[in-house]
There are 2 protein chains.
Amino acid sequence: MHLDEFDRKIIGALQEDARMPVAQVAERAALSATPVSRRIKRLEDEGVILGYQPVLDPRRLGFELDAYVLINLDGHSDDNISRFERAIHGNPYVIACHAVTGDMDYLVHVIARDVEHLSQITLKTLVRIPGVRDVKSIIVLETIKETRAMPLE
Amino acid sequence: MHLDEFDRKIIGALQEDARMPVAQVAERAALSATPVSRRIKRLEDEGVILGYQPVLDPRRLGFELDAYVLINLDGHSDDNISRFERAIHGNPYVIACHAVTGDMDYLVHVIARDVEHLSQITLKTLVRIPGVRDVKSIIVLETIKETRAMPLE
DNA sequence: TATGAAATAATATAGTT
DNA sequence: AACTATATTATTTCATA
């Protein structure tokens with residue numbers, strides 16, 4: 001699978017506005033609507049484009065706070081790991097979770113309505129997952145940049 | 001500004017698929033197409049919905065690696081800060097950057113093509129921004145969860 | 001002030017070359 | 001890949017609650 005210059009232009013346009021009319025995308029890619037329509041379909045089928053999402057303002061939905069929680073597991077038994085990961089998947093306030101290098105095992109990104117809510121998420125929910133040993137919170141003071149757009153060079 | 005149950009259902013449907021036809025969104029919200037179309041417009045105008053983006057598979061675009069870089073600034077002069085933040089905004093491999101609590105000043109999320117590229121981004125670019133003192137990299141081994149969908153309860 | 005139904009306008013897709 | 005025709009979808013209008 002290879003992306004040519006047309007595909008890149010199409011993806012670039014959609015990254016600006018995923019609901020941009022095909023004709024407009026076509027104009028930017030110097031193509032007509034038909035091949036653009038077909039290429040978008042192909043990119044979806046091939047799994048380059050996985051879906052489309054609205055970009056929402058967290059604050060307007062009541063999420064004023066944002067934190068990264070570093071977590072260590074007690075043992076690293078399969079049981080502990082799968083239980084932890086299940087808990088993560090089931091928690092709607094966890095918007096991202098990565099297994100990472102360094103002295104902590106996981107980096108978990110959470111959103112919260114306020115300080116109390118954040119405290120509830122970390123102290124009442126995350127630390128209480130069986131197998132969790134250590135938790136360190138990094139609270140976001142300010143978001144300097146947050147983009148989902150990927151470079152296409 | 002207040003979101004009612006209809007707005008929530010509409011946003012919920014769009015979070016599943018931002019290109020879902022209005023008629024289908026309407027069905028899920030138990031409304032007809034007309035008010036749904038207007039409500040979406042209103043949510044956009046009010047800044048609840050900021051835009052629409054494709055969800056892309058980073059790997060298919062050649063980004064195999066993913067890291068969080070913790071950064072300390074030397075002094076905290078306005079000059080240092082604004083220079084740093086300008087560099088962050090100008091770097092397309094930085095997909096997120098937050099000013100955070102704790103012993104590091106910033107948490108920077110970067111994507112990279114491979115280890116060499118990651119090294120280039122951190123050692124050749126980020127550490128060389130004037131004012132940057134200390135850099136610690138946390139490399140993502142596995143992404144357990146990554147959603148942009150916000151809870152709407 | 002907000003809805004639903006119908007009409008119109010815009011847009012996407014399929015067929016043909 | 002483009003052009004044209006068709007189908008799908010969005011939006012506007014209007015009557016109404």
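Both backbone and side-chain heavy atoms feed into the values below; hydrogens, waters and symmetry mates do not.
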Note to self: Does C:dT13 have its OP1 or OP2 closer than 4.0 Å to a side-chain nitrogen or oxygen of A:Ser37?
What the structure shows: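 Yes.
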Note to self: Between B:Arg38 and D:dA10, is there a contact of a side-chain N or O with OP1 or OP2 at under 4.0 Å?
What the structure shows: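 B:Arg38 to D:dA10 OP1/OP2: no side-chain N or O under 4.0 Å.
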Next item on the list: Map A:Leu31 and B:Met20 onto DNA chain D by nearest heavy atom, then report which one ends up closer to the 5' terminus.
Entry: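 Of the two residues, A:Leu31 wins.
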Rounded to whole angstrom units, what separation is found between the [atom1] atom of [X] and the [atom2] atom of [N]?
X	N	atom1	atom2	answer
B:Lys41	D:dT9	NZ	C1'	18 Å
B:Leu14	D:dT9	CG	C1'	15 Å
A:Asp17	C:dT11	CG	C1'	14 Å
B:Arg19	D:dT9	CZ	C1'	12 Å
B:Ile10	C:dT3	CD1	C1'	12 Å
A:Glu27	C:dA12	CD	C1'	17 Å
B:Ile40	D:dT12	CD1	P	13 Å
B:Arg39	C:dA2	CZ	C1'	8 Å

Notebook entry, point to check: Below 3.5 Å, does any donor atom in the side chain of A:Ser32 face an acceptor in the base of D:dC3, or the other way round?
Noted result: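 In this structure, the two groups form no donor-acceptor pair.
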Next item on the list: Spell out yes or no: do the side chain of B:Thr34 and the base of C:dA5 have one donor N/O and one acceptor N/O closer than 3.5 Å?
Entry: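 Between C:dA5 and B:Thr34, which were checked side chain against base, a qualifying N/O pair under 3.5 Å is present.
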Notebook entry, point to check: Can a donor-acceptor pair be found between the side chains of A:Asp7 and A:His2 at a distance below 3.5 Å?
Noted result: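 Note: A:Asp7 and A:His2 side chains miss the donor-acceptor criterion.
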Notebook entry, point to check: Charged N to carboxylate O under 4.0 angstrom, B:Arg60 versus A:Glu46?
Noted result: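 Looking at A:Glu46 together with B:Arg60, the answer is no, because their closest N to O distance does not fall below 4.0 Å.
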Checklist line | DNA chain C: 5'-proximal contact among B:Ala33 and A:Pro21 (nearest heavy atom) | finding: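 Going by which nucleotide is closer to the 5' end, it is B:Ala33.
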Check: Is the distance between the ring centroids of A:Phe84 and A:Tyr106 under 6.0 Å?
Finding: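 Centroid distance A:Phe84-A:Tyr106: below 6.0 Å, so yes.
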Margin query: Is the terminal nitrogen or CZ of A:Arg19 (NZ for Lys, CZ for Arg) located under 6.0 angstrom from the six-membered ring centre of A:Tyr52 and within 45° of that ring's axis?
Written below: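 No, a cation-pi geometry is absent between A:Arg19 and A:Tyr52.
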Next item on the list: Compute both the distance and the angle, then confirm whether B:Arg113 meets the cation-pi test with B:Phe63: under 6.0 Å from the six-membered ring centre, within 45 degrees of the axis.
Entry: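 Yes, B:Arg113 sits over the ring of B:Phe63.
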